[in-house]
Amino acid sequence: MTAELKKNFVAGDWLAGTDVNRNVNPSDTSDVVGEYARADEKQTLQAIDAAFDARLSWQRKTAEERADALDRIGTEILARRDELGRLLSREEGKTLVEGIGEATRAGRVFKFFAGEALRLGGEKLASIRAGVEVDVVREAEGVIGIITPWNFPIAIPAWKIAPALAYGNTVVFKPADLVPGSAWALSEIIVRAGALPTGVFNLVMGAGSKVGNTLVTSPKVRAMTFTGSTGTGRQIGLRCMERGAKVQLEMGGKNPLVILDDADLEQAVSVAINGSFYSTGQRCTGSSRLIVQSGIHDRFVAAMTERMAALRTDHALKDGTDIGPVASKDQLDQDLFYIANAKEEGGRIAAGGELLQREHPGFYLSPALIVDTHNAMRVNREEVFGPVASVIRVKDYDEALATANDTEFGLSSGICTTSLKCASDFKRNSTAGMVMVNVPTAGVDYHAPFGGRKGSSYGSREQGSYAREFYTSVKTTYTQA
(Lines give C-alpha, C1' and ligand atoms only; values in the text may rest on other atoms or scores of the structure.)
Protein backbone atom coordinates (compact mmCIF):
# COMPACT_ATOMS: atom_id res chain seq x y z
CA MET A 1 0.00 0.00 0.00
CA THR A 2 1.46 3.37 -1.04
CA ALA A 3 1.91 5.91 1.76
CA GLU A 4 0.05 9.19 1.47
CA LEU A 5 2.11 11.79 -0.37
CA LYS A 6 3.21 14.68 1.86
CA LYS A 7 2.64 17.83 -0.16
CA ASN A 8 4.03 21.33 -0.37
CA PHE A 9 2.09 24.16 1.27
CA VAL A 10 1.64 27.12 -1.07
CA ALA A 11 -0.76 30.07 -0.75
CA GLY A 12 -2.90 28.29 1.82
CA ASP A 13 -3.20 24.94 -0.01
CA TRP A 14 -1.42 21.59 0.13
CA LEU A 15 -0.17 20.92 -3.40
CA ALA A 16 1.55 18.02 -5.13
CA GLY A 17 4.80 18.81 -6.88
CA THR A 18 6.35 17.76 -10.15
CA ASP A 19 8.37 14.94 -8.61
CA VAL A 20 8.37 12.67 -5.54
CA ASN A 21 11.17 12.22 -2.99
CA ARG A 22 11.39 8.85 -1.21
CA ASN A 23 12.79 9.54 2.25
CA VAL A 24 14.99 6.61 3.37
CA ASN A 25 16.04 5.69 6.92
CA PRO A 26 19.89 5.67 7.21
CA SER A 27 19.62 3.14 10.05
CA ASP A 28 17.71 0.76 7.78
CA THR A 29 17.84 1.58 4.08
CA SER A 30 14.95 -0.83 3.40
CA ASP A 31 12.68 1.44 5.48
CA VAL A 32 11.03 4.26 3.54
CA VAL A 33 10.03 6.99 5.99
CA GLY A 34 7.60 8.55 3.52
CA GLU A 35 7.10 10.13 0.14
CA TYR A 36 7.35 13.90 -0.19
CA ALA A 37 6.47 16.23 -3.04
CA ARG A 38 9.21 18.16 -4.80
CA ALA A 39 8.42 21.65 -6.05
CA ASP A 40 9.71 23.18 -9.27
CA GLU A 41 10.49 26.77 -10.20
CA LYS A 42 6.85 27.57 -11.05
CA GLN A 43 5.48 26.35 -7.73
CA THR A 44 8.24 28.17 -5.86
CA LEU A 45 7.32 31.41 -7.62
CA GLN A 46 3.70 30.84 -6.56
CA ALA A 47 4.86 30.54 -2.96
CA ILE A 48 6.94 33.71 -3.24
CA ASP A 49 3.99 35.61 -4.74
CA ALA A 50 1.72 34.43 -1.92
CA ALA A 51 4.23 35.52 0.73
CA PHE A 52 4.70 38.87 -1.00
CA ASP A 53 0.94 39.51 -1.17
CA ALA A 54 0.50 38.59 2.52
CA ARG A 55 3.38 40.60 3.93
CA LEU A 56 1.57 43.85 4.74
CA SER A 57 -1.45 42.23 6.40
CA TRP A 58 0.84 40.14 8.64
CA GLN A 59 2.99 43.14 9.55
CA ARG A 60 -0.15 44.98 10.64
CA LYS A 61 -1.19 42.26 13.06
CA THR A 62 -0.58 43.22 16.64
CA ALA A 63 2.47 41.91 18.44
CA GLU A 64 0.14 39.99 20.72
CA GLU A 65 -1.55 38.24 17.79
CA ARG A 66 1.82 37.13 16.45
CA ALA A 67 2.96 36.10 19.93
CA ASP A 68 -0.18 34.01 20.47
CA ALA A 69 0.33 32.21 17.15
CA LEU A 70 3.93 31.30 17.98
CA ASP A 71 3.01 30.22 21.48
CA ARG A 72 0.37 27.81 20.15
CA ILE A 73 2.91 26.34 17.73
CA GLY A 74 5.48 25.88 20.51
CA THR A 75 2.91 24.27 22.78
CA GLU A 76 2.02 21.62 20.21
CA ILE A 77 5.64 20.87 19.35
CA LEU A 78 6.40 20.27 23.03
CA ALA A 79 3.30 18.11 23.47
CA ARG A 80 4.41 15.95 20.52
CA ARG A 81 8.16 16.00 21.18
CA ASP A 82 8.44 12.21 21.53
CA GLU A 83 6.66 11.59 18.23
CA LEU A 84 8.59 14.32 16.41
CA GLY A 85 11.88 13.15 17.91
CA ARG A 86 11.26 9.59 16.76
CA LEU A 87 10.53 10.79 13.22
CA LEU A 88 13.67 12.94 13.26
CA SER A 89 15.90 10.08 14.42
CA ARG A 90 14.36 7.73 11.89
CA GLU A 91 15.06 9.99 8.92
CA GLU A 92 18.33 11.68 9.96
CA GLY A 93 20.05 9.05 12.09
CA LYS A 94 20.82 10.78 15.38
CA THR A 95 19.90 8.78 18.47
CA LEU A 96 16.36 8.90 19.85
CA VAL A 97 17.48 10.83 22.92
CA GLU A 98 19.09 13.44 20.67
CA GLY A 99 16.06 13.50 18.36
CA ILE A 100 13.64 14.16 21.21
CA GLY A 101 16.01 16.76 22.60
CA GLU A 102 16.09 18.55 19.25
CA ALA A 103 12.29 18.53 18.97
CA THR A 104 12.09 19.95 22.49
CA ARG A 105 14.49 22.72 21.50
CA ALA A 106 12.30 23.60 18.52
CA GLY A 107 9.30 24.01 20.79
CA ARG A 108 11.26 26.16 23.22
CA VAL A 109 12.46 28.37 20.35
CA PHE A 110 8.90 29.14 19.29
CA LYS A 111 7.97 29.90 22.90
CA PHE A 112 10.96 32.22 23.23
CA PHE A 113 10.14 34.19 20.11
CA ALA A 114 6.51 34.44 21.14
CA GLY A 115 7.89 36.57 23.96
CA GLU A 116 10.29 38.43 21.68
CA ALA A 117 7.38 39.54 19.50
CA LEU A 118 6.19 41.58 22.48
CA ARG A 119 9.64 42.88 23.40
CA LEU A 120 10.62 44.55 20.12
CA GLY A 121 11.40 48.12 21.13
CA GLY A 122 12.72 51.33 19.66
CA GLU A 123 14.37 54.58 20.71
CA LYS A 124 13.42 58.21 21.09
CA LEU A 125 16.31 60.62 20.59
CA ALA A 126 16.69 64.30 21.25
CA SER A 127 17.05 66.22 17.99
CA ILE A 128 19.63 68.93 17.42
CA ARG A 129 16.74 71.04 16.06
CA ALA A 130 14.18 72.73 18.27
CA GLY A 131 10.68 71.28 18.08
CA VAL A 132 11.73 68.14 16.20
CA GLU A 133 11.23 64.61 17.57
CA VAL A 134 13.39 61.70 16.47
CA ASP A 135 12.10 58.12 16.70
CA VAL A 136 13.99 54.94 15.80
CA VAL A 137 11.85 51.86 15.17
CA ARG A 138 12.32 48.38 13.75
CA GLU A 139 10.09 47.05 10.99
CA ALA A 140 9.71 43.70 9.27
CA GLU A 141 11.88 43.14 6.19
CA GLY A 142 9.12 41.46 4.14
CA VAL A 143 9.48 38.06 2.46
CA ILE A 144 12.16 35.85 4.06
CA GLY A 145 13.61 32.92 2.11
CA ILE A 146 14.78 30.13 4.42
CA ILE A 147 17.09 27.27 3.37
CA THR A 148 18.03 24.75 6.06
CA PRO A 149 20.47 21.78 6.26
CA TRP A 150 19.89 18.10 6.90
CA ASN A 151 21.77 17.70 10.19
CA PHE A 152 19.26 19.54 12.43
CA PRO A 153 16.03 19.10 10.48
CA ILE A 154 13.66 20.63 13.04
CA ALA A 155 15.76 22.87 15.34
CA ILE A 156 17.39 25.00 12.64
CA PRO A 157 14.11 25.55 10.76
CA ALA A 158 12.54 26.55 14.08
CA TRP A 159 15.19 29.13 14.94
CA LYS A 160 14.81 30.73 11.49
CA ILE A 161 11.03 30.53 11.03
CA ALA A 162 10.07 31.62 14.55
CA PRO A 163 11.87 35.00 14.56
CA ALA A 164 10.82 35.67 10.96
CA LEU A 165 7.16 35.33 11.94
CA ALA A 166 7.57 37.00 15.33
CA TYR A 167 8.87 40.21 13.78
CA GLY A 168 6.14 40.37 11.13
CA ASN A 169 7.78 38.77 8.08
CA THR A 170 6.29 36.19 5.74
CA VAL A 171 8.16 32.98 4.96
CA VAL A 172 9.04 30.68 2.08
CA PHE A 173 10.78 27.65 3.60
CA LYS A 174 12.95 25.16 1.70
CA PRO A 175 14.27 22.29 3.85
CA ALA A 176 17.10 19.96 2.89
CA ASP A 177 16.00 17.43 0.28
CA LEU A 178 17.60 14.62 2.30
CA VAL A 179 15.33 15.05 5.34
CA PRO A 180 11.89 16.41 4.39
CA GLY A 181 9.96 14.49 7.07
CA SER A 182 10.70 16.63 10.13
CA ALA A 183 10.32 19.82 8.10
CA TRP A 184 6.93 18.72 6.80
CA ALA A 185 5.73 17.76 10.29
CA LEU A 186 6.89 21.12 11.68
CA SER A 187 5.21 22.95 8.79
CA GLU A 188 1.90 21.13 9.34
CA ILE A 189 1.95 22.27 12.98
CA ILE A 190 2.81 25.86 12.00
CA VAL A 191 -0.02 25.99 9.46
CA ARG A 192 -2.67 24.46 11.70
CA ALA A 193 -1.77 25.45 15.24
CA GLY A 194 -0.62 28.93 14.28
CA ALA A 195 -3.80 29.61 12.28
CA LEU A 196 -1.77 31.97 10.09
CA PRO A 197 -3.38 34.03 7.33
CA THR A 198 -3.04 32.69 3.78
CA GLY A 199 0.42 33.24 2.33
CA VAL A 200 2.20 34.04 5.58
CA PHE A 201 3.94 30.66 5.68
CA ASN A 202 4.83 28.51 2.65
CA LEU A 203 6.68 25.19 2.39
CA VAL A 204 8.43 24.24 -0.87
CA MET A 205 10.41 21.01 -0.69
CA GLY A 206 12.77 20.07 -3.47
CA ALA A 207 16.19 20.45 -5.03
CA GLY A 208 18.38 23.46 -4.39
CA SER A 209 19.00 23.88 -8.12
CA LYS A 210 15.29 24.55 -8.64
CA VAL A 211 13.68 25.72 -5.40
CA GLY A 212 16.73 27.27 -3.78
CA ASN A 213 17.91 29.08 -6.88
CA THR A 214 14.44 30.54 -7.48
CA LEU A 215 14.32 31.85 -3.92
CA VAL A 216 17.77 33.39 -4.09
CA THR A 217 17.17 35.21 -7.37
CA SER A 218 13.60 36.46 -6.83
CA PRO A 219 13.35 40.26 -6.41
CA LYS A 220 10.35 39.73 -4.13
CA VAL A 221 12.46 37.88 -1.52
CA ARG A 222 13.88 40.67 0.61
CA ALA A 223 16.19 38.53 2.73
CA MET A 224 17.74 35.05 2.59
CA THR A 225 18.91 33.02 5.57
CA PHE A 226 20.94 29.90 4.80
CA THR A 227 22.69 27.19 6.80
CA GLY A 228 24.76 24.66 4.88
CA SER A 229 28.00 24.13 3.01
CA THR A 230 30.56 26.87 2.56
CA GLY A 231 30.57 26.66 -1.24
CA THR A 232 26.80 26.95 -1.56
CA GLY A 233 26.68 29.71 1.04
CA ARG A 234 29.19 31.83 -0.82
CA GLN A 235 27.24 31.46 -4.07
CA ILE A 236 24.03 32.51 -2.30
CA GLY A 237 25.78 35.48 -0.74
CA LEU A 238 27.09 36.74 -4.06
CA ARG A 239 23.70 36.42 -5.75
CA CYS A 240 21.91 38.20 -2.94
CA MET A 241 24.42 41.04 -2.86
CA GLU A 242 24.15 41.45 -6.64
CA ARG A 243 20.47 42.33 -6.29
CA GLY A 244 20.76 44.16 -2.97
CA ALA A 245 19.02 41.55 -0.83
CA LYS A 246 19.86 41.02 2.80
CA VAL A 247 21.68 37.74 3.50
CA GLN A 248 22.62 35.66 6.52
CA LEU A 249 24.95 32.68 6.11
CA GLU A 250 25.97 29.95 8.55
CA MET A 251 28.49 27.66 6.89
CA GLY A 252 31.35 25.38 7.83
CA GLY A 253 33.56 24.88 10.83
CA LYS A 254 36.88 23.26 11.69
CA ASN A 255 36.53 23.72 15.40
CA PRO A 256 39.47 23.23 17.78
CA LEU A 257 39.32 21.80 21.27
CA VAL A 258 42.51 22.55 23.21
CA ILE A 259 43.52 20.13 26.00
CA LEU A 260 46.19 21.57 28.30
CA ASP A 261 48.44 19.59 30.62
CA ASP A 262 46.56 20.85 33.68
CA ALA A 263 43.15 19.72 32.41
CA ASP A 264 41.04 17.26 34.36
CA LEU A 265 41.60 14.19 32.18
CA GLU A 266 38.21 12.59 32.75
CA GLN A 267 36.43 15.85 32.04
CA ALA A 268 38.53 16.52 28.93
CA VAL A 269 37.75 13.08 27.49
CA SER A 270 34.01 13.52 28.14
CA VAL A 271 34.06 16.94 26.50
CA ALA A 272 35.94 15.60 23.47
CA ILE A 273 33.76 12.51 23.05
CA ASN A 274 30.61 14.64 23.15
CA GLY A 275 31.89 17.39 20.89
CA SER A 276 33.54 15.12 18.34
CA PHE A 277 31.22 12.14 18.03
CA TYR A 278 27.71 12.78 19.36
CA SER A 279 25.13 13.33 16.63
CA THR A 280 27.53 11.15 14.58
CA GLY A 281 29.88 14.14 14.39
CA GLN A 282 27.46 15.81 11.97
CA ARG A 283 27.47 19.21 13.66
CA CYS A 284 29.02 22.40 12.29
CA THR A 285 30.12 23.13 15.87
CA GLY A 286 31.70 19.72 16.43
CA SER A 287 35.28 19.58 17.72
CA SER A 288 37.13 17.91 14.83
CA ARG A 289 40.63 19.15 15.80
CA LEU A 290 41.83 18.01 19.22
CA ILE A 291 44.89 20.13 20.05
CA VAL A 292 46.65 18.41 22.94
CA GLN A 293 49.64 19.58 24.97
CA SER A 294 52.57 17.15 25.08
CA GLY A 295 52.45 16.40 28.80
CA ILE A 296 48.91 14.97 28.69
CA HIS A 297 48.89 13.79 25.07
CA ASP A 298 49.58 10.09 25.52
CA ARG A 299 47.26 9.72 28.52
CA PHE A 300 44.52 11.60 26.68
CA VAL A 301 44.78 9.42 23.56
CA ALA A 302 44.77 6.24 25.67
CA ALA A 303 41.72 7.40 27.63
CA MET A 304 39.92 8.43 24.45
CA THR A 305 40.61 5.06 22.86
CA GLU A 306 39.26 3.27 25.92
CA ARG A 307 36.08 5.40 26.01
CA MET A 308 35.51 5.03 22.27
CA ALA A 309 35.67 1.23 22.52
CA ALA A 310 32.64 1.38 24.80
CA LEU A 311 30.55 3.51 22.42
CA ARG A 312 27.77 1.59 20.71
CA THR A 313 27.14 2.49 17.06
CA ASP A 314 23.78 1.12 15.96
CA HIS A 315 20.23 1.82 14.82
CA ALA A 316 19.20 5.31 15.95
CA LEU A 317 15.98 4.06 17.59
CA LYS A 318 17.54 1.13 19.44
CA ASP A 319 17.97 1.33 23.20
CA GLY A 320 21.61 1.70 24.21
CA THR A 321 22.78 3.29 20.96
CA ASP A 322 25.35 6.03 21.55
CA ILE A 323 26.14 6.87 17.91
CA GLY A 324 23.68 6.53 15.07
CA PRO A 325 24.48 5.99 11.39
CA VAL A 326 25.92 8.55 9.03
CA ALA A 327 23.01 10.37 7.35
CA SER A 328 23.59 9.25 3.76
CA LYS A 329 25.76 7.21 1.41
CA ASP A 330 27.33 10.39 0.01
CA GLN A 331 28.26 11.60 3.48
CA LEU A 332 29.67 8.18 4.40
CA ASP A 333 31.84 8.21 1.29
CA GLN A 334 33.12 11.67 2.26
CA ASP A 335 34.02 10.49 5.76
CA LEU A 336 35.90 7.48 4.40
CA PHE A 337 37.76 9.67 1.92
CA TYR A 338 39.12 11.94 4.66
CA ILE A 339 40.12 8.99 6.84
CA ALA A 340 42.04 7.44 3.94
CA ASN A 341 43.62 10.76 3.02
CA ALA A 342 44.79 11.33 6.59
CA LYS A 343 46.54 7.95 6.55
CA GLU A 344 48.18 8.81 3.23
CA GLU A 345 49.51 12.05 4.73
CA GLY A 346 51.06 10.29 7.72
CA GLY A 347 48.23 10.07 10.24
CA ARG A 348 47.59 6.91 12.24
CA ILE A 349 44.17 5.56 13.14
CA ALA A 350 44.23 5.08 16.91
CA ALA A 351 40.61 3.93 17.07
CA GLY A 352 37.61 3.31 14.81
CA GLY A 353 37.14 4.48 11.25
CA GLU A 354 35.67 1.14 10.15
CA LEU A 355 32.49 0.26 8.30
CA LEU A 356 30.16 -1.72 10.56
CA GLN A 357 27.52 -4.36 9.86
CA ARG A 358 24.38 -4.26 11.97
CA GLU A 359 21.04 -6.07 12.04
CA HIS A 360 19.65 -3.74 9.38
CA PRO A 361 21.45 -2.35 6.31
CA GLY A 362 22.60 1.19 7.04
CA PHE A 363 25.45 3.69 6.86
CA TYR A 364 27.36 2.62 9.96
CA LEU A 365 30.85 3.94 10.70
CA SER A 366 32.73 3.53 13.96
CA PRO A 367 33.96 6.92 15.29
CA ALA A 368 37.54 7.53 14.17
CA LEU A 369 40.40 9.04 16.17
CA ILE A 370 43.42 9.96 14.03
CA VAL A 371 46.73 10.72 15.75
CA ASP A 372 50.16 11.90 14.58
CA THR A 373 48.59 14.70 12.55
CA HIS A 374 49.66 18.30 12.00
CA ASN A 375 47.60 21.36 11.20
CA ALA A 376 48.59 21.53 7.52
CA MET A 377 47.03 18.15 6.73
CA ARG A 378 43.86 18.16 4.66
CA VAL A 379 41.85 16.47 7.43
CA ASN A 380 42.70 19.46 9.64
CA ARG A 381 41.98 22.13 7.02
CA GLU A 382 38.65 20.99 5.53
CA GLU A 383 35.33 20.18 7.15
CA VAL A 384 34.76 16.41 7.28
CA PHE A 385 31.32 16.58 8.91
CA GLY A 386 31.31 13.11 10.35
CA PRO A 387 32.49 11.06 13.37
CA VAL A 388 36.14 11.81 12.64
CA ALA A 389 38.49 13.67 14.99
CA SER A 390 42.21 14.25 14.62
CA VAL A 391 44.79 14.88 17.34
CA ILE A 392 47.49 17.54 17.01
CA ARG A 393 50.32 17.51 19.56
CA VAL A 394 51.62 20.93 20.74
CA LYS A 395 54.32 21.90 23.22
CA ASP A 396 52.62 24.72 25.17
CA TYR A 397 49.63 27.04 25.46
CA ASP A 398 50.97 29.59 22.98
CA GLU A 399 51.37 26.96 20.28
CA ALA A 400 47.93 25.58 21.11
CA LEU A 401 46.29 29.00 20.68
CA ALA A 402 48.13 29.69 17.43
CA THR A 403 47.16 26.28 16.05
CA ALA A 404 43.55 26.72 17.10
CA ASN A 405 43.34 30.05 15.26
CA ASP A 406 45.18 28.79 12.17
CA THR A 407 42.07 28.02 10.11
CA GLU A 408 39.87 29.78 7.59
CA PHE A 409 36.89 28.99 9.83
CA GLY A 410 35.83 30.56 13.09
CA LEU A 411 32.58 29.12 14.36
CA SER A 412 33.28 27.48 17.72
CA SER A 413 36.35 26.72 19.81
CA GLY A 414 37.02 25.18 23.19
CA ILE A 415 39.61 24.65 25.86
CA CYS A 416 39.92 22.21 28.75
CA THR A 417 42.04 23.60 31.57
CA THR A 418 42.02 24.29 35.29
CA SER A 419 44.03 27.48 34.77
CA LEU A 420 41.96 30.65 35.07
CA LYS A 421 44.76 32.56 33.38
CA CYS A 422 44.75 30.32 30.28
CA ALA A 423 40.95 30.14 30.17
CA SER A 424 40.65 33.91 30.30
CA ASP A 425 43.33 34.42 27.67
CA PHE A 426 41.72 31.86 25.36
CA LYS A 427 38.31 33.52 25.65
CA ARG A 428 39.89 36.84 24.69
CA ASN A 429 42.13 35.65 21.88
CA SER A 430 40.32 32.78 20.20
CA THR A 431 39.16 33.93 16.76
CA ALA A 432 35.87 32.03 16.92
CA GLY A 433 32.39 33.44 17.36
CA MET A 434 31.64 31.07 20.26
CA VAL A 435 34.18 29.96 22.88
CA MET A 436 33.69 27.10 25.35
CA VAL A 437 35.67 26.44 28.53
CA ASN A 438 35.46 22.88 29.90
CA VAL A 439 32.25 22.23 27.91
CA PRO A 440 31.84 20.71 24.42
CA THR A 441 32.24 22.97 21.39
CA ALA A 442 28.85 21.69 20.20
CA GLY A 443 25.82 22.60 22.30
CA VAL A 444 24.39 26.08 22.65
CA ASP A 445 21.47 27.79 24.41
CA TYR A 446 18.49 28.92 22.32
CA HIS A 447 18.30 32.36 23.95
CA ALA A 448 21.97 33.24 23.28
CA PRO A 449 23.42 34.52 19.97
CA PHE A 450 24.75 31.84 17.60
CA GLY A 451 27.29 32.43 14.85
CA GLY A 452 30.93 32.55 13.89
CA ARG A 453 33.62 34.61 12.27
CA LYS A 454 35.90 34.38 9.22
CA GLY A 455 34.69 31.75 6.73
CA SER A 456 32.09 30.23 9.02
CA SER A 457 29.45 32.96 9.03
CA TYR A 458 28.35 36.06 7.21
CA GLY A 459 25.82 38.58 8.44
CA SER A 460 24.20 39.11 11.80
CA ARG A 461 23.85 36.47 14.53
CA GLU A 462 21.07 33.91 14.83
CA GLN A 463 18.97 33.10 17.92
CA GLY A 464 18.16 35.11 21.02
CA SER A 465 17.39 38.81 20.90
CA TYR A 466 20.20 39.26 18.35
CA ALA A 467 17.96 37.65 15.71
CA ARG A 468 16.12 40.96 15.30
CA GLU A 469 19.18 42.37 13.51
CA PHE A 470 18.49 40.19 10.48
CA TYR A 471 14.71 39.93 10.49
CA THR A 472 14.02 43.65 10.95
CA SER A 473 15.11 46.91 9.34
CA VAL A 474 15.80 50.12 11.26
CA LYS A 475 13.72 53.18 10.36
CA THR A 476 14.46 56.67 11.67
CA THR A 477 11.62 59.21 11.63
CA TYR A 478 11.64 62.96 12.23
CA THR A 479 8.53 64.85 13.32
CA GLN A 480 8.02 68.61 13.67
CA ALA A 481 5.99 68.96 16.85
Student: If the condition is ring-ring contact (aromatic ring centres under 6.0 Å, His included), which residues does Phe426 pass it with, not counting sequence neighbours?
Tutor: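 ring-ring contact (aromatic ring centres under 6.0 Å, His included) list for Phe426, sorted by chain: empty.
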Student: Using the test side chain to side chain contact (heavy atoms under 4.5 Å, CB included), find all partners of Thr18 that sit at least two apart in sequence or belong to another chain.
Tutor: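 Thr18: side chain to side chain contact (heavy atoms under 4.5 Å, CB included) contacts with Asp40.
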Student: Are Leu88 and Pro153 packed together at the side-chain level, in the sense that at least one heavy-atom pair is separated by less than 4.5 angstrom?
Tutor: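 Yes. Closest side-chain heavy atoms under 4.5 Å.
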Student: Which atom pairs, donor and acceptor, lie under 3.5 Å between side-chain atoms of residues 45-55 and protein residues at least two apart or in another chain?
Tutor:
from	atom 1	to	atom 2	distance (Å)
Asp49	OD1	Lys220	NZ	2.8
Arg55	NH1	Phe52	O	2.7

Student: Would you please name every residue forming a side-chain hydrogen bond (donor to acceptor under 3.5 Å, both in side chains) with Lys427, sequence neighbours left out?
Tutor: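 If we apply the side-chain hydrogen bond (donor to acceptor under 3.5 Å, both in side chains) test to Lys427, skipping adjacent residues, there are no hits.
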Student: Could you work out, with side chain to side chain contact (heavy atoms under 4.5 Å, CB included) as the rule, every residue matching Thr95, not counting sequence neighbours?
Tutor: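 Applying side chain to side chain contact (heavy atoms under 4.5 Å, CB included) to Thr95 gives Val97, Glu98, Thr321.
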Student: Using side-chain hydrogen bond (donor to acceptor under 3.5 Å, both in side chains) as the criterion, list what pairs up with Lys124, not counting sequence neighbours.
Tutor: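 By the side-chain hydrogen bond (donor to acceptor under 3.5 Å, both in side chains) rule, Lys124 matches Asp135.
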Student: Please enumerate all residues that pass ring-ring contact (aromatic ring centres under 6.0 Å, His included) together with Tyr167, with sequence neighbours excluded.
Tutor: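 Partners of Tyr167 under the ring-ring contact (aromatic ring centres under 6.0 Å, His included) test: none.
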Student: Could you tell me which residues satisfy side-chain hydrogen bond (donor to acceptor under 3.5 Å, both in side chains) with Thr230, sequence neighbours excluded, listed by chain and number?
Tutor: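 Testing Thr230 for side-chain hydrogen bond (donor to acceptor under 3.5 Å, both in side chains), a comparison that skips the adjacent residues, returns none.
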Student: Among residues at least two apart in sequence or on other chains, which ones pass side chain to side chain contact (heavy atoms under 4.5 Å, CB included) with Arg22?
Tutor: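 For Arg22, the residues satisfying side chain to side chain contact (heavy atoms under 4.5 Å, CB included) (neighbours in sequence not counted) are Val32, Glu35.
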Student: List for me each residue that meets side-chain hydrogen bond (donor to acceptor under 3.5 Å, both in side chains) alongside Glu123, sequence neighbours excluded, and say none if there are none.
Tutor: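 Not a single residue meets the side-chain hydrogen bond (donor to acceptor under 3.5 Å, both in side chains) criterion with Glu123.
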Student: Can you name the ring-ring contact (aromatic ring centres under 6.0 Å, His included) partners of Phe450, sequence neighbours left out?
Tutor: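 Applying ring-ring contact (aromatic ring centres under 6.0 Å, His included) to Phe450 gives Trp159.
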Student: Report the residues that fulfil side chain to side chain contact (heavy atoms under 4.5 Å, CB included) with Asp31, sequence neighbours left out, ordered by chain and then residue number.
Tutor: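 Asp31 satisfies side chain to side chain contact (heavy atoms under 4.5 Å, CB included) with Asn25, Asp28, Arg90 once adjacent residues are dropped.
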